[in-house]
Amino acid sequence: MSDKLQAPKGTFDVLPASSTQRDALVEQIAAPAFARAGYSRIDTPIFEDTALFARGVGESTDVVSKEMYTFLDQGDRSVTLRPEGTAPVCRAYAEHGMHKLPQPVKLWYQGPFFRQEAPQAGRFRQFFQIGAEALGSDDPALDAESIVLLARLLEAAGATDTTLRISSLGSKSERQAYSQELKTYLRENERQLSADVLARIDQNPLRAFDAKHEGTQAVMEAAPRLLDAISVEDRAHFDEVLALLDAAQVGYEVDSTLVRGLDYYTRTVFEFTSPNLGAQAGVGGGGRYDGLVELLGGPPTAGIGWACGVERVLAAAELSTEPEPTANTDVYIALDDDADRSAAFTVLLKLREVHGLSAQIELAGRSMKGQLKQASRIGAKVLVIFGGERGQYDAAVKNLQTGEQQELDGLTAGDYFDRIAERVLAGVKR
RNA sequence: GUGGGCGUAGCUCAGCUGGUAGAGCUCCGCGUUGUGGUCGCGGCGGUCGCCGGUUCGAAUCCGGUCGCUCACCCCA
């Protein structure tokens with residue numbers, strides 16, 4: 001075991017048993033919902049110029065400062081495995097001049113993301129996200145639409161007991177002023193704060209709201225709230241978002257302590273959590289990021305989006321019944337000791353290619369009993385036996401559902417396929 | 001990075017106070033049978049994570065190390 005290679009720390013193999021439900025989440029639940037809401041699929045590179053995240057997500061964030069997989073390529077360019085999807089989508093928006101398209105531009109994506117953190121329940125180094133970004137409009141209805149989209153997605157996936165927390169971070173200027181005020185407050189109470197909160201007062205004081213440390217939480221209860229400091233316009237925008245959520249009958253909790261760890265967020269921020277997830281309770285979250293596109297070299301552009309973790313959604317949905325990959329093989333070709341293997345192989349390919357059937361042939365040297373067992377194990381409807389018992393027949397076609405079997409003799413190179421195929425098709429259709 | 005729990009067969013696990021490894025499931029074969037199910041019998045499969053120490057003898061005790069896992073932190 002010691003020298004056996006294994007998947008890198010924090011990564012996992014998606015085995016056949018679980019790939020079915022993962023695919024279903026993306027293809028049967030997410031994709032149709034996005035299509036109905038006017039979102040188009042976008043795929044950005046798995047790695048990007050490191051500067052994209054440094055600038056877009058923020059140098060001081062944990063994600064950028066200590067969790068990125070960054071390396072130099074052969075040309076000494078610093079590249080980074082994408083830790084999140086919003087910055088790349090905004091880069092693509094700016095790079096391809098999407099501001100010239102009818103606004104807003106709605107995009108969705110799905111794929112792996114990378115963060116070098118200590119793995120634990122619900123947290124991986126390579127994880128999969130489904131995300132949605134809508135750029136080019138700051139209409140509160142877009143915020144509401146985006147949030148409702150995620151709410152419905154979670155519901156459809158089976159994560160029905162989630163909680164939505166929502167708040168507004170206001171605009172940059174108020175946030176900066178508030179940040180100063182909060183720093184002062186924290187300094188006044190620094191004796192009760194935990195060491196790591198204390199160490200980050202200058203970097204990101206808002207983080208203190210997230211701490212689980214008791215003393216810190218006591219201090220934060222009485223701390224000034226950003227939601228009380230935002231501008232009249234931002235407050236009106238936020239109230240409109242809430243009103244639309246009410247209209248959509250999406251329940252929420254306004255939580256003025258809600259903090260997001262990425263620098264680009266402005267105004268609306270939200271997060272869905274699930275009680276059956278352990279410490280990493282967030283299943284999905286996001287917010288508005290007016291200004292990000294401009295920061296990345298594009299025109300001033302409003303934007304809002306979210307991402308949800310595929311592994312977390314699935315865990316929150318508590319899919320108890322692990323559906324075995326439904327076996328739906330049409331034909332299984334069994335080989336007796338004296339089978340004409342060449343003829344069997346030809347029939348196998350023709351059944352697949354001419355008749356479009358799913359056909360498998362014996363490949364493991366099993367006994368006839370073992371081959372029968374294998375055929376029923378993979379759900380074959382029809383069995384073709386080549387060889388026959390002691391040469392009593394050249395081939396036999398057995399309907400595995402009814403048990404009836406027809407034996408064919410005198411097969412010649414010219415007509416064996418048609419005669420077998422005729423009987424196979426009759427059996428498959430039944 | 002820090003702390004708790006755990007590393008025995010492909011999977012789930014047993015193995016008390018030290019005597020050089022077991023079960024169930026899976027897989028393969030044989031018999032039974034309705035060519036597949038059931039049942040019966042048999043087989044494949046492990047340097048007990050790794051290294052060192054104590055001992056006549058270590059899966060078991062001690063130390064170290066690696067890995068997994070949960071939590072802190074952070075986030076999806």
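We name chains A, B, ... by the order of the sequence lines, and we start the count at 1 in each one.
By the 30° and 60° cut-offs, the orientation of the rings of A:Phe47 relative to A:Phe71 is tilted.
Using a 4.0 Å cut-off between a side-chain N of Lys or Arg and a carboxylate O of Asp or Glu, A:Arg267 and A:Asp143 do not qualify as a salt bridge. Under a 4.0 Å N-O distance rule, the pair A:Glu145/A:Lys106 qualifies as a salt bridge. With salt bridges taken as basic N to acidic carboxylate O contacts below 4.0 Å, one links A:Arg123 and A:Glu117.
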Practice prompt. Starting from the C-alpha separation in whole Å, work towards a yes-or-no answer on side-chain hydrogen bond (donor to acceptor under 3.5 Å, both in side chains) for A:Ser146 and A:Trp306.
Written response: CA-CA 8 Å; A:Ser146 179; A:Trp306 50 258; 3.3 Å; yes
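By the criterion of a centre-to-centre distance under 5.5 Å and near-parallel planes under 30°, the ring of A:Phe113 forms no stack with the base of B:A76.
Residue A:Arg366 places at least one side-chain N or O under 4.0 Å from the OP1 or OP2 atom of B:C28. Phosphate proximity of B:C74 to A:Thr61: absent, as no side-chain N or O sits under 4.0 Å from OP1 or OP2. OP1 or OP2 of B:C68 lies within a sub-4.0 Å distance of a side-chain N or O belonging to A:Lys9. The phosphate of B:U26 has neither OP1 nor OP2 within less than 4.0 Å of any side-chain N or O from A:Arg377.
Using C1' as the reference atom, B:G42 and B:U60 are 32 Å apart when rounded to the nearest Å. As rounded to the nearest Å, B:U2 and B:C73 have C1' atoms that lie 10 Å from one another. Comparing the same atom, P, in B:G52 and in B:A58 gives a spacing of 13 Å after rounding to whole Å. When the C1' atom is compared between B:U33 and B:G40, the two are found 12 Å apart, to the nearest whole Å.
Residue whose closest nucleotide on RNA chain B sits further toward the 5' end, between A:Glu117 and A:Leu372: A:Leu372. Each of A:Gly285 and A:Ala118 was matched to the nucleotide of RNA chain B holding its nearest heavy atom; the match closer to the 5' end belongs to A:Ala118.
Rounding to whole angstrom units, CZ of residue A:Arg165 and P of B:C75 are separated by 12 Å. We find that CG of A:Leu206 is positioned 12 Å from P of B:C74, with the value rounded to whole Å. The nearest whole Å value for the distance from the CD atom in A:Gln6 to the C1' atom in B:G49 is 10 Å. The distance between atom CG of A:Leu277 and atom C1' of B:C70, rounded to the nearest whole Å, is 14 Å. Between A:Leu193 atom CG and B:C73 atom P there is a gap of 13 Å when expressed in whole angstrom units. In this entry the distance linking CZ of A:Phe114 with P of B:A76 reads 16 Å, nearest Å. The nearest whole Å value for the distance from the NE2 atom in A:His213 to the P atom in B:G3 is 19 Å. Going from atom CG of A:Leu153 over to atom P of B:A76 covers 16 Å, rounded to whole Å.
Side-chain atoms of A:Ser274 and A:Asn276 include a donor-acceptor pair closer than 3.5 Å.
A:Arg115 forms no cation-pi arrangement with A:Phe127, by the criterion of a distance under 6.0 Å to the ring centre and an angle within 45° of the ring axis.
Checked against B:G37, B:G67, B:C73, the side chain of A:Lys373 finds its nearest nucleotide in B:G37. Taking only side-chain atoms of A:Asp62, from C-beta outward, the nucleotide of B:C72, B:C73, B:G36 with the closest atom is B:C73. The nucleotide whose nearest atom lies closest to any side-chain atom of A:Leu400 is, among B:C72, B:G36, B:U35, B:G36.
Between the side chain of A:Arg200 and the base of B:C73 there is no donor-acceptor pair of N/O atoms closer than 3.5 Å. If you check distances only, the side chain of A:Gln120 does reach the base of B:C73 with a donor-acceptor pair under 3.5 Å. The base of B:C73 is paired with the side chain of A:Arg123 by a donor and an acceptor separated by under 3.5 Å. A donor N or O paired with an acceptor N or O is not found under 3.5 Å between the base of B:U33 and the side-chain atoms of A:Lys369. For A:Gln371 and B:U35, a side-chain-to-base donor-acceptor distance below 3.5 Å is absent, hydrogens and geometry of angles not being considered.
Across every strand in view, B:A14 sits unpaired, with no contact that passes the Watson-Crick or G-U test at under 3.5 angstrom. Using the Watson-Crick or G-U wobble rule with both distances under 3.5 Å, B:G46 pairs with nothing in any strand shown. Remark: B:G1 base-pairs with B:C72. Criterion, Watson-Crick or G-U wobble with two distances under 3.5 Å. Checking B:U60 for Watson-Crick or G-U wobble geometry (two distances, each under 3.5 Å) identifies no partner in any strand.
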